[in-house]
Each structure stands twice: as C-alpha cells, then as structure tokens.
A.B. asks: 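One structure, as structure tokens, below. Some questions next.
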Amino acid sequence: MHYKSNYQSPIGQIALTSDGENITGLWLPNHKDFETQYKDELMTADLPIFDKAKRWLDAYFSGNNPKIDFPLKATGTSFREQVWQILLEIPQGETWTYGEIAQKIAEKRGEAKMSSQAVGGAVGSNPISIIIPCHRVVGKDGSLTGYGGGIDTKIELLKLEGLDMNVFYRPKHSTKP
C-alpha cells in the first residue's frame, strides 16, 4: 500500500508519497503524472512520516539547512540508487557537475570513468526531489541544465540556498522556425 499527502510550498503544491514508513517520493507541481509511478492507487493519509517530512520542508523553505531525520526509500536500479546517495552528499549552497558525480561513481565502482550522460539520466529520475537534492547538479560549464521541476523552480531552490545566480550560465532557447 502506498500513501500520499500534499504540502503547500512557496513553489506550489508538492505531493509526498510513502509506503507507510519511508518517504518514497516528493513530486513538484509540474509532476502531474507522478501517480503512474506506483502499482497501486495512492491513498490520501495523515502519517507520522508525512509530518516529519513536512517539518523538514518548513525548515528548508524558511532558509535553514535541516537534517534528514526520517527514512527515505528511493527505489531504482542499483546505479540510480548509487547516484541518489551521492546527491545526498552535495552540501546545501553548493553545486556539483554531472562529471564530478560520474567520477565519484567510477571511483566507488573501481572503474576508470563513468558516463556523465548516464549520471544525468539517474539524476533526472530521482523520485524524492529537494530532499535528495538533484537541483544542485549543473552542467560542466555551470549551465542550469534540465530539471524535472522546471528550470524556474531549480533557480528558486538554488536562490533559497543562497547561491549567486549570476555565476550560472543559462542557455538561450533558439527562436529559429
């Protein structure tokens, strides 16, 4: 059985999911189809785990750096789970590149190198946004690359964490027909 609860944040309504003991998902406002990630229908519930996650979100959106004091269960391939564990190591107020994360994965696996693109796929499939901070990952040139929650949301989260947004490269979209 899986459960859901909503949280109203400064960036819009966030959906939290749980297996009853762990947070299994944090879905941003434009993740409209998140419920398709689950085999069973999600039941709305008030659970202690949701209370803990909401207190964490309250502290985070107040500009604090709260410790994660509740269990997370992000489920994916072993590679994706390794990437998500590394994302938890990125300090608030800092960014790491896909290449830096790829190098850390390669070291953990005893390999010479790892594909940044593969890391990008894993980062993009992170089911517990914000808490597992995929928004802190940038391109090798400092570009604010794609973010499942939207680039505007990524910018808001990084600004909330005190990053100077003038140091990031924001590629312009082509207006060619």
A.B. asks: Distance from Y38 atom OH to T17 atom OG1, nearest 0.5 Å?
C.D. replies: 2.5 Å
A.B. asks: What's the shortest heavy-atom distance between A15 and F34, and which atoms?
C.D. replies: CB-CZ, 3.4 Å
A.B. asks: Over 60° means perpendicular and under 30° means parallel, so classify the ring planes of H31 and W27, tilted if in between.
C.D. replies: perpendicular
A.B. asks: Which heavy atom of A74 sits nearest a heavy atom of W84, and at what distance?
C.D. replies: CB-CE3, 3.4 Å
A.B. asks: Can you tell me if K73 has over 12 outside heavy atoms packed within less than 6.0 Å of its NZ?
C.D. replies: no
A.B. asks: Looking at R80 and A122, what are the two nearest heavy atoms and their distance?
C.D. replies: CG-CB, 3.8 Å
A.B. asks: Indicate, with yes or no, if I90 and I131 share a hydrophobic cluster defined by side-chain heavy-atom contacts under 4.5 Å among Ile, Leu, Val, Met, Phe, Trp and Tyr.
C.D. replies: yes
A.B. asks: Are the side chain of Q92 and the backbone of N64 linked by a donor-acceptor contact shorter than 3.5 Å?
C.D. replies: yes
A.B. asks: Should we say atom CD of E107 is surrounded by more than 12 heavy atoms from elsewhere, each under 6.0 Å from it?
C.D. replies: yes
A.B. asks: Taking all heavy atoms of D40 and all of M1, pick out the closest pair and write down the distance.
C.D. replies: OD2-N, 4.2 Å
A.B. asks: In sequence, state the C-alpha distance, the side-chain angles, and the governing distance for I86 and K108, and then conclude on side-chain contact (heavy atoms from CB on, under 4.5 Å).
C.D. replies: CA-CA 10 Å; I86 288 175; K108 285 184 186 255; 3.9 Å; yes
A.B. asks: Atom OG1 in T75, atom CD in Q37: separation rounded to 0.5 Å?
C.D. replies: 11.0 Å
A.B. asks: Is F79 close to I105 at the side-chain level, that is, under 4.5 Å between some pair of heavy atoms?
C.D. replies: yes
A.B. asks: Who pairs with Y3 by ring-ring contact (aromatic ring centres under 6.0 Å, His included), at least two apart in sequence or on another chain?
C.D. replies: none
A.B. asks: Given side chains that start at C-beta, do those of S5 and T44 come closer than 4.5 Å, heavy atoms only?
C.D. replies: no
A.B. asks: Can K104 be said to sit on top of W96's aromatic six-ring, NZ or CZ under 6.0 Å from centre and within 45° of the ring axis?
C.D. replies: yes
A.B. asks: Side chains of L158 and L144, heavy atoms from C-beta outward: is any pair under 4.5 Å?
C.D. replies: yes
A.B. asks: Could you go step by step and tell me if E161 and Y60 meet the side-chain contact (heavy atoms from CB on, under 4.5 Å) rule?
C.D. replies: CA-CA 9 Å; E161 293 183 14; Y60 176 81; 2.7 Å; yes
A.B. asks: Could you pull out all residues at least two apart from E89 that satisfy side-chain hydrogen bond (donor to acceptor under 3.5 Å, both in side chains)?
C.D. replies: none
A.B. asks: Which pair of non-hydrogen atoms, one from R109 and one from M114, has the smallest distance, and what is that distance?
C.D. replies: CD-CE, 3.9 Å
A.B. asks: Hey, does I14 have a side-chain heavy atom less than 4.5 Å from the side chain of L28?
C.D. replies: yes
A.B. asks: To the closest 0.5 Å, what do you measure between CD1 (I155) and CG (L160)?
C.D. replies: 13.5 Å
A.B. asks: Return the set of residues passing side-chain hydrogen bond (donor to acceptor under 3.5 Å, both in side chains) with D69 (not counting sequence neighbours), or none when no residue passes.
C.D. replies: none
A.B. asks: Can you tell me if E81 uses its side chain to pair, donor with acceptor, with the backbone of G76 under 3.5 Å?
C.D. replies: yes
A.B. asks: Same hydrophobic cluster for V138 and I151, using side-chain heavy-atom links shorter than 4.5 Å among ILVMFWY?
C.D. replies: yes
A.B. asks: Can you tell me how far apart CG (L26) and CD1 (I130) are? Round to the nearest 0.5 Å.
C.D. replies: 5.0 Å
A.B. asks: Would you mind listing every salt bridge (charged side-chain N to carboxylate O under 4.0 Å, His left out) that reaches into residues 143-158, with sequence neighbours excluded?
C.D. replies: E156-K159
A.B. asks: Side chains of F70 and I68, heavy atoms from C-beta outward: is any pair under 4.5 Å?
C.D. replies: yes
A.B. asks: Do L88 and I128 share a hydrophobic cluster (ILVMFWY, side-chain heavy atoms under 4.5 Å, transitive)?
C.D. replies: yes
A.B. asks: Is it possible for you to say whether M43 and F50 belong to one hydrophobic cluster, with membership spreading through side-chain heavy-atom contacts below 4.5 Å?
C.D. replies: yes
A.B. asks: Going hydrophobic residue to hydrophobic residue with side-chain gaps under 4.5 angstrom, can you get from L16 over to L72?
C.D. replies: yes
A.B. asks: List the residues meeting side-chain hydrogen bond (donor to acceptor under 3.5 Å, both in side chains) with T153, not counting sequence neighbours, and say none if there are none.
C.D. replies: none
A.B. asks: Can you list the residues that meet the ring-ring contact (aromatic ring centres under 6.0 Å, His included) rule with Y7, with sequence neighbours excluded?
C.D. replies: none
A.B. asks: Of all the heavy-atom pairs spanning S18 and H2, show the shortest one and how long it is.
C.D. replies: O-CD2, 3.2 Å
A.B. asks: Side-chain contact test, heavy atoms from C-beta onward, threshold under 4.5 Å: evaluate it for F61 versus I11 and give yes or no.
C.D. replies: yes
A.B. asks: Could you give the distance from CG (N22) to CG (L47), rounded to the nearest 0.5 Å?
C.D. replies: 11.5 Å
A.B. asks: Heavy atoms, side chains only, cut-off 4.5 Å: are S129 and Y147 in contact?
C.D. replies: yes
A.B. asks: Can you find a side-chain donor-acceptor pair between D141 and S143 that sits under 3.5 Å?
C.D. replies: yes
A.B. asks: Under a 4.5 Å cut-off applied to non-hydrogen side-chain atoms, are V137 and V119 in contact?
C.D. replies: no
